[in-house]
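Quick note: residue numbers are just sequence positions, from 1. Worth saying up front: this structure is predicted, and the values here are computed from it rather than measured. Side-chain atoms are counted along with the backbone in the values below, which use heavy atoms only and exclude waters and symmetry mates.
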Amino acid sequence: MPFIYIFLFLGLIVLFSSFFTVKQQTSAIIERFGRFNSIRNSGLQLKIPIIDRVAGRVNLRIQQLDVIIETKTKDNVFVKLKVSVQFKVLQEKVYEAFYKLEYPHDQITSYVFDVVRAEVPKLILDDVFERKDDVAIAVKRELNDAMSTYGYDIINTLITDIDPDIQVKNAMNRINAADREKTAAEYEAEAGRIRIVAKAKAEAESKRLQGQGIADQRREIARGLVESVDVLNRVGINSQEASALIVVTQHYDTLQAIGADTNSNLILLPNSPQAGSEMLNNMVASFTASNQVGEAMKKANSTKRKNQKDETSEGEE
């Protein structure tokens, strides 16, 4: 009787060991006496106890392998690149992926090293940053050609980091800072030039308006002097006396303006009461002498022209 229970217990163990589950996006390799038998996909599966065994499971999801490579550029700069390889096992090639490659990650890493160290030395450091996508495409193409035989599909390759030597990075930062300072200096110089030109234009316009104002002022003064002379002529004062009187009047107006300014230290000479009378007499005498000289020169010129005309007439006869 106890043997029956033992056999029943062993039978239950064998029965339950016949069933196994396979997770989603996973394939199970079944071997029979050490030889490949079948590939089982996700779900509840059945195998022959003791005879069959699950040799391994293959992950069908997309995986990522990060490879860090140190290499040299064309301009002799050592740089570290981080290459991220995204790949998966093709469901129809699970057999090849499981039996043909024992360490697929090592195989992929070797190909990445080979391609990167063949492509990067052809480029200078600046081109490595600008053309990193070209390097990634070359890695993907080489990996696809090599790994498709083993049932692996390379989804994408990405160069996620480019890390030059610390001294090179510091030099690049200094170059960038110097270039920005140069640009800032150029903008500041241009702004200064614009300010100078605007100031010069404003000063030129101010001078022009100032000159126009002075010209208008002098024109009005001259018109006022003409009117003053006409008024004085009507009361019997000739032009010379009128001009002298106007000058003396302006002289006293100037003295009045100077006296009105309490902070003025200007002294106008002569400044005595007799000076005005003397200046008036001197100016009248000067104007009279000037008129006499002018009349004499006119008579002399008239006589000279008359004599020349007479000589011309006699020559014609």
Side-chain angles (χ1 to χ4, degrees), residues 22-31 35-42 54-173 175-176:
V22 180
K23 294 182 178 180
Q24 186 67 33
Q25 288 298 99
T26 305
S27 292
I29 307 297
I30 304 299
E31 292 181 349
R35 185 178 180 179
F36 172 76
N37 178 258
S38 62
I39 298 174
R40 306 293 178 84
N41 295 317
S42 59
V54 179
R57 300 173 186 268
V58 177
N59 187 359
L60 300 178
R61 289 175 292 183
I62 296 176
Q63 305 175 61
Q64 177 167 308
L65 174 64
D66 294 329
V67 182
I68 297 177
I69 309 163
E70 184 176 14
T71 185
K72 185 179 73 169
T73 63
K74 187 176 181 179
D75 48 351
N76 296 322
V77 176
F78 282 90
V79 60
K80 288 183 179 180
L81 286 81
K82 182 179 179 181
V83 182
S84 298
V85 181
Q86 298 172 349
F87 64 95
K88 70 174 183 177
V89 176
L90 297 172
Q91 191 166 6
E92 62 273 15
K93 291 188 176 182
V94 173
Y95 176 87
E96 289 83 354
F98 185 80
Y99 285 102
K100 288 187 177 182
L101 279 181
E102 185 174 3
Y103 301 107
H105 287 190
D106 293 345
Q107 188 84 359
I108 293 173
T109 300
S110 299
Y111 277 106
V112 172
F113 266 83
D114 182 65
V115 176
V116 170
R117 287 184 172 174
E119 294 292 329
V120 172
K122 299 177 184 178
L123 307 172
I124 62 174
L125 181 60
D126 292 339
D127 290 343
V128 173
F129 284 92
E130 295 177 2
R131 299 175 56 185
K132 66 183 185 68
D133 290 340
D134 295 341
V135 178
I137 291 172
V139 173
K140 180 182 177 182
R141 182 174 58 248
E142 186 71 19
L143 284 175
N144 265 327
D145 293 342
M147 300 301 294
S148 60
T149 307
Y150 306 111
Y152 284 86
D153 180 29
I154 306 301
I155 304 299
N156 204 357
T157 55
L158 304 171
I159 297 180
T160 56
D161 189 22
I162 300 175
D163 186 19
D165 185 80
I166 184 63
Q167 296 180 353
V168 176
K169 288 195 289 187
N170 292 336
M172 294 174 68
N173 290 333
I175 292 172
N176 186 44

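Atom CD of Glu70 sits about 9.5 Å away from atom CZ of Phe113, to the nearest 0.5 Å. Considering CD of Gln25 and CG of Leu60, their distance stands at 5.5 Å, rounded to 0.5 Å. Considering OH of Tyr111 and CD1 of Ile154, their distance stands at 11.0 Å, rounded to 0.5 Å. For the atom pair CG (Asp133) and CG (Leu158), the distance works out to 8.5 Å, reported to the nearest 0.5 Å. Distance check: Thr160 OG1 to Asp66 CG gives 6.0 Å after rounding to the nearest 0.5 Å. Separating the CE atom in Met147 from the CG atom in Leu101 is a distance of 5.0 Å, to the nearest 0.5 Å.
The side-chain contact (heavy atoms from CB on, under 4.5 Å) check on Tyr95 picks up Phe36, Ile39, Tyr99, with sequence neighbours excluded. Partners of Lys100 according to the side-chain contact (heavy atoms from CB on, under 4.5 Å) rule, which considers only residues two or more places apart in sequence or in another chain, are Glu96, Tyr150.
Val116 is not listed as a side-chain neighbour of Val67, based on a closest heavy-atom distance of 4.5 Å or more. With a 4.5 Å cut-off on side-chain heavy atoms, Val54 and Ile30 count as touching. For the pair Tyr103 and Ser110, the minimum side-chain heavy-atom distance is 4.5 Å or more. You'll find the side chain of Leu81 stays beyond 4.5 Å of the side chain of Lys132, heavy atoms only. Within the 4.5 Å cutoff, side-chain heavy atoms of Thr73 are placed close to those of Val120. Asp153 has its side chain within reach of Lys88: a pair of non-hydrogen atoms, C-beta onward, lies under 4.5 Å apart. Contact check for Tyr152 versus Val89: side-chain heavy atoms found under the 4.5 Å cut-off. Side chains of Asp163 and Val79 form no contact here, defined as non-hydrogen atoms less than 4.5 Å apart.
Within a 6.0 Å sphere centred on CD of Glu92, heavy atoms belonging to other residues, nucleotides or ligands number more than 12. The number of heavy atoms from other shown groups lying within 6.0 Å of CZ (Arg57) is above 12.
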>> Between Val135 and Val128, is the side chain to side chain contact (heavy atoms under 4.5 Å, CB included) condition met? List the steps.
In response: CA-CA 8 Å; Val135 178; Val128 173; over 6 Å; no
> Would Ile108 and Leu143 satisfy side chain to side chain contact (heavy atoms under 4.5 Å, CB included), going step by step from the backbone distance to the final call?
Replying inline: CA-CA 7 Å; Ile108 293 173; Leu143 284 175; 4.2 Å; yes
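Residues Lys82 and Ile68 share a closest heavy-atom pair of CG-CG1, 4.3 Å. What you find for Phe98 and Ala55 is that their closest heavy atoms are CZ-O, 3.8 Å. The heavy-atom pair separating Gln86 from Gln64 by the smallest distance is NE2-OE1, 3.2 Å. When all heavy atoms of Gln63 and Asn59 are compared, the closest pair comes out as NE2-O, 3.8 Å. The two residues Ile159 and Ala136 come nearest to each other via the heavy atoms CD1-N, 4.0 Å. Between Gln24 and Ser42, the shortest heavy-atom distance links the atoms OE1-OG, 3.5 Å.
Side chain of Arg131 to main chain of Asp126: no donor-acceptor pair is present (N/O by atom type, distance under 3.5 Å, no hydrogens or angles).
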